[in-house]
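Report on one structure; see the data block that follows.
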Amino acid sequence: MDDIAFMRAALGEALAAADEGEIPVGAVVVKDGLIIGSGHNRRLRDASPFAHAEMAAMAQAAQKLKRWRFDECVLYVTLEPCAMCAGAIVQCRVARLVYGASDPKAGAAGSLYDIPRDSRICHRCEVRRGVLEQQCAKLLGDFFLAKRKHKARPNRG
């Protein structure tokens, strides 16, 4: 199991999101050492609040597997999942979640909430945090810094 290599694949997806002007979050679903689903944020492009990287990767994996259960799968994501995505991770029975940067404002896999490991829920999954954390956090930080700089420019039109 090479968490670093698969997180690099998720970072590639995050870069694709950034290239599209989306918040740079990427995700991949892995089964038996192979990527079976990948995705990145597409909320602006799809005009959908549900178009998070994790949701796209899991939807693609479900189509490939032809089932909704991911008992033998690992989800790699560059940013700690939000409550919606953490709920989906539990619902589709992901065996293991690996993420890069923590999200102290909206994280639901250890920061604000810990949905994947909540003993009150019927399924729990293993969680590993901080894989390539600096690279994941830098990509997000650089993206938001550029957004703030762009907003700060006076309109001369």
Side-chain angles (χ1 to χ4, degrees), residues 1-20 22-140 143:
M1 183 172 4
D2 190 353
D3 289 347
I4 291 172
F6 291 122
M7 187 59 74
R8 283 192 176 120
L11 272 166
E13 287 290 331
L15 287 169
D19 288 345
E20 296 172 8
E22 299 276 359
I23 295 173
V25 178
V28 296
V29 176
V30 174
K31 182 178 185 298
D32 299 328
L34 298 172
I35 294 173
I36 60 168
S38 60
H40 55 271
N41 275 2
R42 293 174 42 145
R43 292 188 308 171
L44 296 172
R45 181 176 170 185
D46 293 357
S48 172
F50 307 109
H52 288 206
E54 302 94 312
M55 303 297 263
M58 290 188 294
Q60 191 178 85
Q63 287 184 343
K64 181 148 189 147
L65 292 172
K66 299 193 182 330
R67 67 174 197 237
W68 61 270
R69 292 183 72 109
F70 296 159
D71 307 275
E72 301 153 358
C73 298
V74 181
L75 173 65
Y76 294 85
V77 61
T78 58
L79 179 65
E80 179 181 0
C82 68
M84 175 182 70
C85 294
I89 288 164
V90 169
Q91 288 300 314
C92 65
R93 313 296 196 263
V94 168
R96 188 166 175 259
L97 166 66
V98 179
Y99 67 86
S102 294
D103 186 351
K105 293 182 180 180
S111 291
L112 287 180
Y113 308 102
D114 199 354
I115 293 170
R117 293 180 288 200
D118 190 320
S119 63
R120 297 168 295 177
I121 299 173
C122 66
H123 174 77
R124 282 168 292 289
C125 77
E126 179 186 339
V127 177
R128 180 176 180 202
R129 60 197 300 174
V131 174
L132 298 181
E133 181 175 16
Q134 290 179 333
Q135 294 93 320
C136 294
K138 182 175 180 351
L139 182 60
L140 285 159
F143 176 83

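Sequence positions, counted from 1, serve as the residue numbers for this chain.
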*Might you work through the side chain to side chain contact (heavy atoms under 4.5 Å, CB included) test for Val25 and Leu140, ending with a clear yes or no?*
CA-CA 8 Å; Val25 178; Leu140 285 159; 4.2 Å; yes
*Kindly determine whether His52 and Met84 satisfy side chain to side chain contact (heavy atoms under 4.5 Å, CB included), including the steps that lead there.*
CA-CA 9 Å; His52 288 206; Met84 175 182 70; 3.7 Å; yes
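Between the CD atom of Gln134 and the CG atom of Leu139 there is a distance of 13.5 Å, given to the nearest 0.5 Å. Ile89 contributes atom CD1, which lies 6.5 Å from atom SG of Cys125 (distance to the nearest 0.5 angstrom). Between the CZ atom of Arg67 and the CZ atom of Arg93 there is a distance of 12.5 Å, given to the nearest 0.5 Å. Here CD of Glu80 is found 8.0 Å from CG of Asp114. Values are rounded to the nearest 0.5 Å. Glu54 contributes atom CD, which lies 7.0 Å from atom CG of Asn41 (distance to the nearest 0.5 angstrom). Summarising the geometry, atom CG belonging to Leu11 is positioned 6.5 Å from atom CD belonging to Gln135; distances are rounded to the nearest 0.5 Å.
Ile121 approaches Val90 most closely through the heavy-atom pair CG2-CG1, 3.3 Å. Residues Ala101 and Cys136 share a closest heavy-atom pair of N-CB, 3.8 Å. Taking each heavy atom of Pro116 and Ala108 in turn, the nearest pair found is CD-O, 3.2 Å. Nearest approach of Ala109 to Val127, heavy atoms of both residues: O-CG1, 4.1 Å. For the residue pair Pro81 and Tyr99, the shortest heavy atom distance occurs at CD-CD2, 4.2 Å. Closest of all the heavy-atom pairs between Asp3 and Val131 is O-CG1, 3.9 Å.
Side-chain contact between Leu15 and Pro24 is absent, with no heavy-atom pair separated by less than 4.5 Å. Side-chain contact between Thr78 and Met7 is present, with heavy atoms from C-beta onward closer than 4.5 Å. In this structure, Met55 and Cys85 have side chains that are in contact, with non-hydrogen atoms separated by less than 4.5 Å. The shortest distance between side-chain heavy atoms of Leu65 and Phe70 falls below 4.5 Å.
Enclosure of atom OH in Tyr113 is not indicated, since only 12 or fewer non-hydrogen atoms of other residues, nucleotides or ligands lie within 6.0 angstrom. Surrounding CZ of Arg124 are more than 12 heavy atoms belonging to other residues, nucleotides or ligands, all under 6.0 Å away.
Between the side chain of His123 and the backbone N or O of Val94, at least one donor-acceptor pair lies under 3.5 Å. Put simply, the side chain of Gln60 gets close to the backbone of Ser38: a donor and an acceptor are under 3.5 Å apart. With hydrogens and angles ignored, the 3.5 Å screen pairs no side-chain donor or acceptor of Ser102 with any backbone N or O of Pro104.
Each of Glu22, Arg45, Glu20 was checked for a side-chain hydrogen bond (donor to acceptor under 3.5 Å, both in side chains) with His40, and the lone residue meeting it is Glu20.
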